[in-house]
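Read through the structure below, which is laid out as structure tokens, and then see the notes.
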Number of protein chains: 2
Amino acid sequence: MSDRKAASKKRAAVIKALAHPSRLLIAEALMEGEMCVCDIKDLVAADMSTVSKHLSLMRAAGVLASEKHGLNIYYRLACDCFADFLGCLDQIAPRKPKTQSRSKTKSCC
Amino acid sequence: MSDRKAASKKRAAVIKALAHPSRLLIAEALMEGEMCVCDIKDLVAADMSTVSKHLSLMRAAGVLASEKHGLNIYYRLACDCFADFLGCLDQIAPRKPKTQSRSKTKSCC
DNA sequence: GAACTATTTGGCTATTTCGCCAAATACCCA
DNA sequence: TGGGTATTTGGCGAAATAGCCAAATAGTTC
């Protein structure tokens, strides 16, 4: 695979790491601060192994970092810049559907 | 599906719309200005129908808008905020792998 | 209106992703 | 060392996605 294509795929992988409802939820929660896997499991309400795989994927993409404290493993965002990332997302798809002040026509930016 | 879950899925869909090498390439190109489908087809070097489906998906997610001028249909970004979005991406996964000034260890933010 | 061009849609197969279960691993503490 | 807790990994079936071809559509020009 060409360098250019590999880079393109890597970049897409980073986005893919957030392109799933559960993973997006995790990323949003981690903006508040780090969490251990068991808490994240409660947050997304899925099987432990499913959550673990989501976290592994996100870490592999460079989106998350993890660290062990005592018995638990804590995950946190690897990058501060997600505020920008998610801010843009909010303009296109608001977090709370009912709170949308304007009409149904998507009025972005 | 609950409102909350639907919103979450919609938000993920927006990100998904960029989570593919070809679609990311298209979005990056459109930051320079609008393009017609045939030019985009040359850009991503794929079958016309494949490109069209990518574009439809991105428009459905609210990422792109389209307009007809003469014979051609022109697509453009529906939102200015992608600069932030992609700026964050650049911090995690640089556009050009070789130009990476630091060592291989990912030093984000 | 017929031929032509640009784009979209339908249908199909191949590939990838998802999420559960069960098993494995890692690590702490008695 | 051995039991216990937290997390990861392997495997599998189900669902979603990708990309090609062929056919349909829309709109233009003659």
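Naming convention: chains lettered A, B, ... in sequence-line order (proteins, then strands); numbering from 1 in each chain.
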Output the distance between atom CZ (B:Arg59) and atom OG (B:Ser56), rounded to the nearest 0.5 Å.
-> 5.0 Å
Of the candidate nucleotides D:dT8, C:dC18, D:dA22, which contains the atom at the shortest distance from the side chain of A:His20?
-> C:dC18
Give the rounded distance in Å between these two atoms: CG of B:Leu71 and C1' of D:dT29.
-> 9 Å
Interatomic distance, B:Leu55 CG vs D:dA18 C1' [rounded to whole Å] = 15 Å
Let me know, please, whether A:Asp47 or B:Ile73 comes out on the 5' side of the other along DNA chain C by nearest nucleotide.
-> B:Ile73
Could you tell me whether the phosphate oxygens of D:dG19, OP1 or OP2, come under 4.0 Å of any side-chain nitrogen or oxygen in B:His54?
-> yes
Selected nucleotide, minimal atom distance to A:Cys38 side chain, candidates C:dT8, D:dT7, C:dA6 = D:dT7
Considering just the side-chain nitrogens and oxygens of B:Thr50, establish if one lies under 4.0 Å of OP1 or OP2 belonging to D:dG19.
-> no
Atom-pair distance (CG on B:Asn72; P on D:dA26), nearest Å = 18 Å
Whole-Å distance between D:dT7 C1' and A:Asp39 CG?
-> 14 Å
Rounded to whole angstroms, how far apart are CE on B:Met48 and P on C:dT7?
-> 5 Å
Look at B:Tyr75 and C:dT8 and indicate whether a side-chain polar atom (N or O) is within less than 4.0 Å of OP1 or OP2.
-> yes
What integer distance in Å separates A:Leu24:CG from C:dT17:C1'?
-> 17 Å
Does B:Lys41 get its side chain close enough to the base of D:dG19, under 3.5 Å, for a donor-acceptor pair?
-> no
CG/A:Leu43 to SG/A:Cys38 distance, rounded to the nearest 0.5 angstrom?
-> 11.5 Å
Separation of C:dA26 atom C1' from A:His69 atom NE2, nearest Å, is 17 Å
Decide yes or no on side chain to side chain contact (heavy atoms under 4.5 Å, CB included) for A:Leu24 and A:Leu86, but give the supporting numbers first.
-> CA-CA 9 Å; A:Leu24 183 56; A:Leu86 297 177; 3.7 Å; yes
Reckon B:Lys68 has a side-chain N or O less than 4.0 Å from the OP1 or OP2 of D:dA26?
-> no
What heavy-atom pair brings A:Met35 and A:Ala29 nearest, and what distance separates the two atoms?
-> SD-CB, 3.9 Å
B:Leu18 CG to D:dA18 P, straight-line distance once rounded to whole Å = 12 Å
Considering heavy-atom distances to DNA chain D, does A:Val51 or B:Lys53 have its closest nucleotide positioned more toward the 5' end?
-> A:Val51
Is there a side-chain polar atom (N or O) of A:Ser49 under 4.0 Å from OP1 or OP2 of C:dG19?
-> no
The reported gap from CG in B:Leu77 to CE in B:Met58 (rounded to nearest 0.5 angstrom) is 7.5 Å
For A:Ala19 and for A:Gly70, locate the closest nucleotide of DNA chain C by heavy-atom distance; then report the residue assigned to the nucleotide nearer the 5' terminus.
-> A:Ala19
